[in-house]
There are 2 protein chains.
Amino acid sequence: MPRRRASHSMESVITEAVAILDEAGSAALTFRALAGRLGGGVASIYWYVDNKEELLDRATDHVIGDVLGDIARREATEDPIEDLRTSAVMLFDAVTARPWLASYLLRNTDLQPNALRLYEHLGQQVMRLDLPPRETFHALSAVIGYVIGTAADLGQQPPAEVLEGQTTREEYLGRYAERWRESDPQDYPFLHYVVEEFDGHQDADQFSAGLDLVLAGLRLQADR
Amino acid sequence: MPRRRASHSMESVITEAVAILDEAGSAALTFRALAGRLGGGVASIYWYVDNKEELLDRATDHVIGDVLGDIARREATEDPIEDLRTSAVMLFDAVTARPWLASYLLRNTDLQPNALRLYEHLGQQVMRLDLPPRETFHALSAVIGYVIGTAADLGQQPPAEVLEGQTTREEYLGRYAERWRESDPQDYPFLHYVVEEFDGHQDADQFSAGLDLVLAGLRLQADR
DNA sequence: CTATCGTATCGAACGTCGTTCGGTAGTCGA
DNA sequence: TCGACTACCGAACGACGTTCGATACGATAG
């Protein structure tokens with residue numbers, strides 16, 4: 001009795017693609033790996049997606065849909081900036097949990113409707129500040145630029161050793177800090193001034209402090 | 001008479017790699033293309049770099065060296081934040097002029113000493129605000145996160161049509177704006193509120209306005 | 001001038017990737 | 001029972017990063 005042909009669906013294709021990205025990072029997502037996971041042939045995937053770019057766009061938008069759901073579910077407070085802050089932190093957390101997200105999220109394409117909805121949602125919170133269109137547009141651009149940019153930066157994959165559990169993040173950071181300490185204090189006064197902060201810092205704290213800076217600037221503008 | 005063997009150097013390898021990246025984008029930088037340009041064989045390049053990652057790191061650091069030179073050459077004013085602003089704008093301009101820079105700059109590695117020097121240079125300007133180490137560290141992280149993140153976002157390669165000169169950036173932006181206008185104003189009030197600002201906007205203005213927000217927040221903190 | 005040796009170069013091959021093509025199994029209405 | 005349409009897939013293609021062993025070159029020593 002011959003083996004039955006496999007049967008896929010857009011849903012399963014995207015779900016499994018996301019699973020691979022989450023488990024093994026963006027380099028591991030190949031059509032062959034995905035086909036293997038789906039128990040089918042490589043070419044079958046091309047019935048659902050035109051190319052890898054579209055696969056990544058759909059995978060990205062799929063998880064952004066979830067993030068948007070979480071964000072939108074939260075009730076609004078009376079302070080728009082506080083709401084914006086909450087949303088920004090949630091977005092940041094989602095991106096650092098999935099380092100592969102950042103790079104593809106930067107590509108605003110037609111194939112990412114949920115990204116557009118998220119943009120709209122954040123924009124509505126900025127609108128409540130009653131700034132003119134120009135300032136409103138710029139304010140949201142600044143916040144999103146900061147969030148995505150910082151997440152992309154901080155969310156980079158640490159070297160393989162950390163991933164494989166041979167080294168902790170703290171040791172990795174500590175070795176970097178050590179190199180800072182060994183540099184010439186004459187040439188690198190700043191590195192020495194902040195090295196103790198750098199060593200053992202938490203990415204989330206760093207992000208949060210910077211976000212406060214952006215939002216403080218925004219509040220200043222809104223109150224003017 | 002047999003053709004002579006080609007003769008390379010680290011300098012020429014990196015210079016030509018940067019030339020390819022500038023002329024045709026990061027997808028065009030292959031070992032074969034680079035070898036062809038150098039008039040030699042593919043394997044020769046491996047005598048200078050261990051792998052493609054190192055090639056990209058060296059290329060990135062090479063141009064960051066130039067950027068750092070330009071930035072450091074400017075004289076300091078009496079206002080640290082104004083100096084920081086000037087440096088940030090110069091860095092932003094450099095990255096948007098070379099969209100491929102952003103992605104590789106995010107990867108803080110040992111092989112990018114100039115990136116570390118740039119970090120130090122910007123840090124020294126923040127130090128002049130006399131904030132404690134923790135706040136100083138966070139402030140620089142925020143500024144850099146914003147600059148690189150926004151540059152990476154805005155500096156994305158537009159679709160092929162624009163690159164090939166078949167469409168102008170304005171038309172491309174306009175078509176996007178058109179889609180915003182066609183969306184339901186009930187569901188997308190924000191898009192409609194800012195669409196006129198979006199249509200025909202200049203990336204540099206958008207960046208500059210957002211940077212002002214961040215720096216206003218920083219100034220607020222410094223004056224406290 | 002010749003022999004030697006480390007340096008630098010290169011042709012050819014390997015395995016993997018995204019993508020394409022032609023064909024075929026499965027399903028369903030007529 | 002029969003086509004026709006949908007969904008699937010094996011096999012191949014060209015391009016990529018990378019490796020290996022061979023070899024040309026330039027400097028040095030005899």
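To find a chain, count down the sequence lines: A is the first, B the second, and so on, and within it residues start at 1.
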>> Are Tyr193(B) and Phe137(A), when compared by the centres of their aromatic rings, separated by less than 6.0 Å?
In response: no
> What about the rings of Phe207(A) and Tyr146(A), do their centers lie closer together than 6.0 Å?
Replying inline: yes
>> At less than 3.5 Å, do the side-chain atoms of Arg32(A) and the base atoms of dT16(C) form a donor-acceptor pair?
In response: no
> Does NZ or CZ of Arg179(A) fall inside the cone over Tyr176(A)'s six-membered ring, less than 6.0 Å from its centre and within 45° of the axis?
Replying inline: yes
> Rounded to the Å, how far apart are Asp50(A) CG and dG18(C) C1'?
Replying inline: 13 Å
> Whole Å only: how far is the CD1 atom of Ile45(B) from the C1' atom of dT18(D)?
Replying inline: 12 Å
> dT19(C) C1' sits how many Å from Leu34(A) CG, rounded?
Replying inline: 15 Å
> Where the side chain of Asn51(B) is defined as all heavy atoms beyond and including C-beta, which of dG11(C), dT18(D), dT20(C) is the nearest nucleotide?
Replying inline: dT18(D)
> Of all the nucleotides listed (dT18(D), dT9(C), dC16(D)), which has the minimum atom distance to the side chain of Thr30(B)?
Replying inline: dC16(D)
>> Heavy atoms from C-beta onward define the side chain here; which of dA25(C), dT19(C), dT18(D) lies closest to that of Lys52(B)?
In response: dT18(D)
>> Before we go on, tell me: are the rings of Trp180(A) and Phe198(A) under 6.0 Å apart, centre to centre?
In response: yes
> Out of dT9(C), dC9(D), dG17(D), which nucleotide sits closest to the side chain of His8(A)?
Replying inline: dC9(D)
>> Less than 4.0 angstrom between a side-chain N/O of Tyr48(B) and OP1 or OP2 of dT9(C), yes or no?
In response: yes
>> On the nucleotide dA8(C), are OP1 or OP2 found under 4.0 Å from the side-chain N or O atoms that Ser44(B) carries?
In response: no
>> In whole Å, I'd like the distance from the OH atom of Tyr46(B) to the P atom of dC16(D).
In response: 12 Å
> Atom CD in Glu120(A), atom CE in Met127(A): separation rounded to 0.5 Å?
Replying inline: 8.0 Å
> Just checking Leu29(A): base, sugar-phosphate only, or nothing, at a heavy-atom cut-off of under 4.0 Å?
Replying inline: sugar-phosphate
> Taking CH2 from Trp47(B) and P from dT9(C), how many angstroms apart are they, rounded to a whole number?
Replying inline: 7 Å
> Whole Å only: how far is the CZ atom of Phe31(A) from the P atom of dG15(C)?
Replying inline: 23 Å
>> Can you measure Arg5(B) atom CZ to dA24(D) atom C1' for me and round it to whole angstrom units?
In response: 4 Å
> Leu38(A) CG to dC8(D) P: how many Å, rounded?
Replying inline: 10 Å
